[in-house]
Amino acid sequence: QVQLVESGGGLVQAGGSLRLSCAASGSIFRINAMGWYRQAPGKQRELVAVIPSGGNTNYADSVKGRFTISRDNAKNMVYLQMNSLKPEDTAVYYCNARVVVLPSLYENNYWGSGTQVTVSS
């Protein structure tokens, strides 16, 4: 099994910054894509940013130029630096990872439990 644990959420004023972290642990052979999604009250979960194991990152249009996703493959971690935060960024943020697991070497999709980000106006 694989566990994803997020940290770094909280309350911040509009224009402020937060950095989210997500640590993956367990029976990991290799982590392919890692990403961040968010879900605001009454809305569907949406992609925020994704970073493949090697290659170009991808961002939602609403966060381009403000958010930066990065990963540390040696530590099995993914980060989301969020700058110039807006009240509409308020949501629960979920870490996601597509992991090739041991011993089967099958790729499975995993989610963290989420971390709340609240941006006040």
Side-chain angles (χ1 to χ4, degrees):
Q1 277 293 349
V2 173
Q3 297 79 40
L4 301 180
V5 178
E6 303 101 334
S7 61
L11 174 65
V12 64
Q13 288 188 334
S17 298
L18 283 174
R19 187 187 191 219
L20 305 183
S21 300
C22 173
S25 62
S27 302
I28 299 170
F29 174 73
R30 183 181 68 246
I31 301 178
N32 291 332
M34 301 186 82
W36 291 93
Y37 290 71
R38 67 186 181 186
Q39 188 167 18
K43 295 187 177 181
Q44 291 187 333
R45 191 174 296 189
E46 63 176 2
L47 172 71
V48 176
V50 64
I51 182 168
S53 58
N56 294 330
T57 56
N58 191 33
Y59 295 92
D61 287 343
S62 59
V63 307
K64 283 181 180 177
R66 300 188 297 121
F67 291 10
T68 302
I69 189 171
S70 60
R71 61 189 285 176
D72 184 332
N73 291 328
K75 296 181 179 179
N76 290 334
M77 294 196 68
V78 63
Y79 307 95
L80 186 68
Q81 178 66 43
M82 305 185 293
N83 299 328
S84 302
L85 282 160
K86 303 176 181 180
E88 50 264 43
D89 294 318
T90 295
V92 178
Y93 283 70
Y94 296 91
C95 177
N96 174 263
R98 301 195 66 85
V99 182
V100 178
V101 299
L102 294 167
S104 65
L105 300 185
Y106 291 156
E107 183 186 82
N108 294 332
N109 193 41
Y110 294 94
W111 293 93
S113 59
T115 185
Q116 177 71 46
V117 172
T118 303
V119 184
S120 63
S121 57

query = Can you tell me if Asn32 and Ser53 form a side-chain donor-acceptor pair at under 3.5 Å?
reply =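 Asn32 vs Ser53: no donor-acceptor pair found between side chains.
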
query = Less than 4.0 Å between a side-chain N and a carboxylate O, is that true for Lys64 and Asp61?
reply =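 Result for this pair is yes, salt bridge flagged.
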
If you take all heavy atoms of [X] and [Y], which pair is closest and at what distance?
X      : Y     : answer
Leu4   : Cys22 : CB-SG, 4.0 Å
Ala40  : Thr90 : CB-O, 3.7 Å
Ala24  : Ile31 : CB-CD1, 3.8 Å
Asn109 : Asn96 : OD1-ND2, 3.0 Å

Are [X] and [Y] in one and the same hydrophobic cluster, where Ile, Leu, Val, Met, Phe, Trp and Tyr link if side-chain heavy atoms are under 4.5 Å apart?
X     : Y      : answer
Val2  : Val100 : no
Val12 : Leu80  : yes
Tyr59 : Val50  : no
Val63 : Leu20  : yes
Val5  : Val92  : no

Quick one: are [X] and [Y] in side-chain contact, heavy atoms under 4.5 Å?
X      : Y      : answer
Val101 : Tyr110 : yes
Ile69  : Val78  : yes
Met82  : Val48  : no
Ser70  : Gln81  : no
Ser27  : Gln1   : no
Ser62  : Arg38  : yes
Tyr94  : Arg45  : yes
Asp72  : Tyr79  : yes

message = Between Arg71 (side chain only) and Gly35 (backbone N and O only), is there a donor and an acceptor less than 3.5 Å apart?
response =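 Between the backbone of Gly35 and the side chain of Arg71 there is no qualifying donor-acceptor contact (under 3.5 Å).
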
Flag, side chain of Glu6 to backbone of Ser113, donor-acceptor distance under 3.5 Å =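 Pair found, side chain donor or acceptor close to backbone of Ser113.
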
Nearest 0.5 Å, please: how far is [atom2] in [Y] from [atom1] in [X]?
X      : Y      : atom1 : atom2 : result
Glu107 : Arg30  : CD    : CZ    : 8.0 Å
Ile28  : Asn108 : CD1   : CG    : 11.5 Å
Lys86  : Ser121 : NZ    : OG    : 14.0 Å
Asn56  : Ile51  : CG    : CD1   : 10.0 Å

inquiry  = Would Leu11 and Gln116 count as a side chain to side chain contact (heavy atoms under 4.5 Å, CB included) here? Give the steps.
reply    = CA-CA 8 Å; Leu11 174 65; Gln116 177 71 46; over 6 Å; no

request  = Fit a plane to each ring of Trp111 and Tyr37, take the angle between them on a 0 to 90° scale, and name the class: parallel (under 30°), tilted (30 to 60°) or perpendicular (over 60°).
outcome  =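 Rings of Trp111 and Tyr37: perpendicular, as their planes differ by over 60°.
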
